[in-house]
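Here the structure is laid out as structure tokens; the discussion comes afterwards.
Below, chain A is the first sequence line, B the second, and so on; all start at residue 1. Computed over heavy atoms, backbone and side chain alike; hydrogens, waters and symmetry mates excluded.
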Amino acid sequence: MQGKTGERGGRERRYWLFKSEPSTFSFDDLKGRPERTEHWDGVRNFQARNYLRQEIQVGDRLLFYHSSIPEPVIVGIAEVVRGGYPDWTSWDPESGHFDPRSTEAKPLWYMVDVRYLRPFPRPVTRSELKAIPELAGMVLLKKSRLSIQPVSEAEWRVILRLGGIEEG
DNA sequence: GCCAACGTTGGC
DNA sequence: GCCAACGTTGGC
């Protein structure tokens with residue numbers, strides 16, 4: 001049987017943008033993990049949940065975006081090392097992300113695991129992105145609030161070049 | 001700190 | 001199922 005959960009199954013790599021407030025969890029925090037993987041837990045928005053549950057797969061790559069700071073900026077890239085699985089912090093009353101509607105038997109929220117890849121030699125600010133015509137359609141610039149969002153391959157290439165990474 | 005945009009909730 | 005009220009996000 002093909003297309004088992006977590007397997008790539010010949011699908012093209014996809015690209016994403018994950019937002020995080022650096023005071024909560026920064027790119028350096030991700031870099032600093034001993035095993036260099038981290039649960040991306042706590043997402044409590046249905047549109048983002050749907051990406052996490054179904055669309056985001058092992059091997060996909062993501063832009064790491066720092067939000068809610070004076071100069072919002074993409075600081076580097078990371079890789080998905082585990083596809084969507086239930087976000088258990090949602091049924092743990094001790095966690096800050098508890099949601100009584102979610103249970104182990106019927107999870108409501110999902111997360112993925114990611115691994116640090118590399119920082120941008122030149123971090124790319126939001127205002128830089130806004131100045132590039134090819135990026136005018138970016139979800140980030142049109143639907144700023146969505147915390148997990150798709151990035152097209154063309155956008156990915158433009159942004160990596162801006163950031164000073166030749167091949168990603 | 002302000003406020004626009006947007007997602008969620010709940011009364012009907 | 002509509003929609004007003006409300007809460008949150010996040011750029012500025």
Side-chain angles (χ1 to χ4, degrees), chain A residues 14-33 38-56 60-80 83-114 116-117 119-152 154-165:
Chain A
R14 286 196 201 157
Y15 302 99
W16 307 93
L17 182 144
F18 282 25
K19 287 194 303 193
S20 187
E21 295 189 25
S23 60
T24 303
F25 187 76
S26 72
F27 194 54
D28 276 345
D29 290 332
L30 181 66
K31 181 182 184 177
R33 302 289 150 162
E38 185 64 25
H39 311 303
W40 202 273
D41 63 272
V43 174
R44 298 293 180 265
N45 166 282
F46 286 104
Q47 199 176 346
R49 187 281 307 268
N50 293 342
Y51 290 135
L52 290 169
R53 185 175 58 181
Q54 306 211 305
E55 313 261 332
I56 301 177
D60 285 358
R61 294 197 167 167
L62 56 105
L63 301 166
F64 200 112
Y65 179 83
H66 281 172
S67 68
S68 293
I69 51 177
E71 179 90 273
V73 63
I74 300 173
V75 286
I77 60 177
E79 181 175 33
V80 176
Y85 63 102
D87 180 348
W88 42 262
T89 66
S90 66
W91 60 71
D92 174 9
E94 302 297 305
S95 91
H97 298 131
F98 178 64
D99 182 344
R101 297 173 299 174
S102 181
T103 64
E104 211 159 341
K106 244 191 155 199
L108 183 60
W109 304 112
Y110 285 74
M111 59 182 169
V112 300
D113 290 354
V114 301
Y116 174 90
L117 277 183
F120 279 167
R122 298 190 323 102
V124 182
T125 65
R126 180 182 182 86
S127 58
E128 277 181 85
L129 297 172
K130 283 162 70 178
I132 310 285
E134 298 101 294
L135 301 180
M138 267 193 90
V139 179
L140 183 68
L141 302 179
K142 314 207 98 172
K143 273 202 146 190
S144 197
R145 290 181 56 187
L146 188 58
S147 65
I148 303 278
Q149 44 181 267
V151 171
S152 76
E155 290 162 352
W156 175 267
R157 282 203 228 94
V158 169
I159 292 166
L160 257 65
R161 193 165 354 103
L162 283 173
I165 295 179

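- With sequence neighbours excluded, no residue forms a salt bridge (charged side-chain N to carboxylate O under 4.0 Å, His left out) with A/Glu134.
- Residues from residues 122-133 of chain A placing a heavy atom under 4.0 Å of any atom in DNA chain C, listed by number, are A/Arg126, A/Lys130.
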With B for base contact, S for sugar-phosphate-only contact and - for none (protein heavy atoms under 4.0 Å), nucleotides 4-10 of chain B reads -BBSSS-
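- For DNA chain C, the residues of residues 16-26 of chain A within the heavy-atom distance limit of 4.0 Å (strictly under) are A/Lys19, sorted by number.
- With sequence neighbours left out, the side-chain hydrogen bond (donor to acceptor under 3.5 Å, both in side chains) criterion links A/Tyr51 to no other residue.
- Listed by chain and number, the residues in a side-chain contact (heavy atoms from CB on, under 4.5 Å) with A/Ser23 are A/Glu21 (sequence neighbours excluded).
- Listed by chain and number, the residues in a side-chain contact (heavy atoms from CB on, under 4.5 Å) with A/Pro123 are A/Val73 (sequence neighbours excluded).
- Residues passing the side-chain hydrogen bond (donor to acceptor under 3.5 Å, both in side chains) test with A/Asp29 are A/Ser26, sequence neighbours excluded.
- Of the listed residues (A/Phe98, A/Phe46, A/Tyr85, A/Trp91), just one forms a ring-ring contact (aromatic ring centres under 6.0 Å, His included) with A/Trp109, and that residue is A/Phe46.
- The side-chain hydrogen bond (donor to acceptor under 3.5 Å, both in side chains) search around A/Gln149 returns none, not counting sequence neighbours.
- Every residue two or more places apart in sequence or in another chain was checked for a salt bridge (charged side-chain N to carboxylate O under 4.0 Å, His left out) with A/Asp113, and none qualifies.
- Listed by chain and residue number, A/Glu153 satisfy the salt bridge (charged side-chain N to carboxylate O under 4.0 Å, His left out) test with A/Arg157 (two or more places apart in sequence, or in another chain).
- Qualifying side-chain contact (heavy atoms from CB on, under 4.5 Å) partners for A/Thr89, counting only residues two or more places apart in sequence or in other chains: A/Asp41, A/Arg44, A/Asp87, A/Ser95, A/His97.
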